[in-house]
There are 2 protein chains.
Amino acid sequence: MARIAAGLESAFARRGFAVPSVEDLRDAAGVSLRTLYKYAPSRDRMVRIALEHRHRRYLDHVFSDLPMGHEAALDALFERIGLWMERETSHGCLFHAAVAANPDDNELKALLERHKSEVAERAAGATGLSGRKIELMQVIEGLTQSWPLYRERATTGARHLGAALRRAEVPGPFDARTSSPSLT
Amino acid sequence: MARIAAGLESAFARRGFAVPSVEDLRDAAGVSLRTLYKYAPSRDRMVRIALEHRHRRYLDHVFSDLPMGHEAALDALFERIGLWMERETSHGCLFHAAVAANPDDNELKALLERHKSEVAERAAGATGLSGRKIELMQVIEGLTQSWPLYRERATTGARHLGAALRRAEVPGPFDARTSSPSLT
DNA sequence: GCACAAGTAGAACAATCGCTCTACATCGTC
DNA sequence: GACGATGTAGAGCGATTGTTCTACTTGTGC
């Protein structure tokens, strides 16, 4: 079952969600059509199984054994995401890709939101930026989405943004004209 | 022709790139199948025509008549992108969606890169952040990608990041540990 | 040694796909 | 008012799709 999920995930990651046929997915999963349909009774389910597998692997890769210090954790976070991009996908976020390929599927949307909110929660906790969760998430999204174009420079850029965000966080109100940290 | 392109664009924007059949696209374009195939001899071409149309409309909406001052331009930029997201898509970048749906299509990839690099060029020019083009682009990507989840708060978050980026830009080296502004 | 669950390989199904083609209507121009 | 260009409506084509089903093989527990 885990092998099936892994195969499905890598197939969708490599070729997108629209292109691969069920027979392609069968090859990727390394089982027969019958067994594949036993665990994933429809193509939609294959997509969801792949995404759930990806979710677990992503959280493991990015958040396990992060440095304790907030500053070090922030740097390590971007480093790990950059490494993930390099190793795993080379194009943007797989969850966004899945929803983009099928915008009417509400189950996919729910999966995307659950994934993002868990990432946001963990990232904010590890870096001490709970008051700037949205901005932190945006840097992460920016890194993920711009990585295919900028490669390693995207990681550096995200570190810069993270440092600027932290520096603006500490002293007091971020930007008095629009809001105060305690309100967001 | 412009009406066809507009129809195609809105069809792909609303329903993604995988789902709509050519007959759906014909309905969206408001012409017969024959005329549609005259201007777009294959479904792939329909996708490209839609993206080119979107490219022009996006640049018009976001960059025309921006305020002259760098700071005002930066704020206006995020405001306009937020407004664009609200009006046009409600989910992420259409170019990324197109490439994600069909990762092997190199023509699509080229279109994506041309779009992004022109956005980066114009944004950096208008805001005076040419030395931080990558970071600026990442904030834009972060705003675009996180807008569906955070709505108006995404715009505010991007403004915060933009302000932090500008503040870090002016005084001198950004982060001596990793790089200096003059090198990136 | 045999029954049974669980696997494989792949034929078969209706539906749908992208695309082509035919037949007919509507123009502006001489 | 005839003409050619350009449009519409939609039937038809072969290929491919997601899904189901049949027939056969394998491993495990009693």
Side-chain angles (χ1 to χ4, degrees), chain A residues 1-54 94-95 97-109 111, chain B residues 1-54 94-95 97-109 111:
Chain A
M1 178 62 190
R3 288 191 62 177
I4 294 180
L8 292 175
E9 186 206 324
S10 91
F12 286 126
R14 204 174 54 250
R15 317 196 34 215
F17 289 94
V19 172
S21 70
V22 173
E23 303 204 346
D24 294 335
L25 298 172
R26 168 202 52 162
D27 293 344
V31 296
S32 74
L33 219 46
R34 179 184 176 134
T35 338
L36 178 57
Y37 268 95
K38 177 179 174 187
Y39 293 105
S42 74
R43 194 180 186 277
D44 288 346
R45 293 289 287 267
M46 298 174 201
V47 170
R48 274 182 274 160
I49 286 173
L51 288 181
E52 279 156 16
H53 191 257
R54 158 77 60 142
L94 199 66
F95 291 81
V99 171
N102 212 322
D104 295 330
D105 188 329
N106 290 320
E107 306 217 40
L108 279 191
K109 248 184 255 187
L111 232 56
Chain B
M1 178 62 189
R3 288 191 60 180
I4 295 179
L8 292 175
E9 187 206 324
S10 91
F12 286 125
R14 204 172 56 250
R15 314 195 39 213
F17 289 93
V19 172
S21 70
V22 173
E23 304 204 346
D24 295 335
L25 298 172
R26 169 201 53 163
D27 293 344
V31 296
S32 75
L33 218 47
R34 178 184 177 135
T35 336
L36 178 57
Y37 268 95
K38 177 180 174 186
Y39 293 105
S42 74
R43 193 182 187 275
D44 287 347
R45 294 289 288 267
M46 299 174 201
V47 170
R48 275 181 275 160
I49 286 173
L51 287 181
E52 279 156 15
H53 191 257
R54 160 76 59 141
L94 199 65
F95 290 80
V99 171
N102 212 321
D104 295 330
D105 188 329
N106 290 319
E107 308 218 39
L108 279 191
K109 249 185 252 184
L111 233 57

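These values consider heavy atoms only, across backbone and side chains, with no hydrogens, waters or symmetry-generated copies. Every chain is numbered from 1 and lettered A, B, ... according to where its sequence line falls, protein lines coming before strand lines. Fair warning: this is a prediction, and the values are worked out from it, not measured in the lab.
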> Do you know which of A:Y37, A:F17, A:Y39 makes side-chain contact (heavy atoms from CB on, under 4.5 Å) with A:M46?
Replying inline: A:Y37
> Roughly how far, to the nearest 0.5 Å, is the CG atom of B:D24 from the CZ atom of B:R26?
Replying inline: 8.5 Å
>> Distance check needed: D:dT6 C1' versus B:L33 CG, whole Å only.
In response: 16 Å
>> What contact category does B:S21 fall into here, base, sugar-phosphate, or nothing, at under 4.0 angstrom with non-hydrogen atoms?
In response: sugar-phosphate
>> What is the separation between atom CG on A:D27 and atom P on D:dT17, rounded to the nearest whole Å?
In response: 12 Å
> Of all the choices, D:dA23, D:dG18, D:dA9, which nucleotide is nearest to the side chain of B:R34 once you look at every atom?
Replying inline: D:dA9
> Rounded to the nearest 0.5 Å, how far does CG of B:L25 lie from CZ of B:R43?
Replying inline: 5.5 Å
>> Tell me the interatomic distance from A:N102, atom CG, to D:dG18, atom P, rounded to whole angstroms.
In response: 13 Å
>> From CD of A:E23 over to P of D:dA15, roughly how many Å is that when rounded to an integer?
In response: 16 Å
>> Counting only side-chain nitrogens and oxygens, does A:T35 get under 4.0 Å of the OP1 or OP2 atom of C:dT8?
In response: yes
>> Checking contacts here: which listed nucleotide (C:dT8, D:dT8, C:dG18) is nearest the side-chain heavy atoms of B:R43?
In response: C:dG18
> What's the OH-P distance between B:Y37 and C:dT22, to the nearest Å?
Replying inline: 17 Å
> How close or far is atom P of C:dC21 from atom CG of B:L36, stated in whole angstroms?
Replying inline: 16 Å
>> Please report the interatomic distance CG(B:L111) to CG(B:N106), rounded to the nearest 0.5 Å.
In response: 12.0 Å
> Which one, D:dG18, C:dA6, D:dA9, comes nearest to the side chain of A:K38?
Replying inline: C:dA6
> Rounded to whole angstroms, how far apart are CZ on B:R26 and P on D:dA9?
Replying inline: 8 Å
>> When you measure from the side-chain N and O atoms of A:Y39 to the phosphate of C:dG7, is any distance below 4.0 Å, counting only OP1 and OP2?
In response: yes
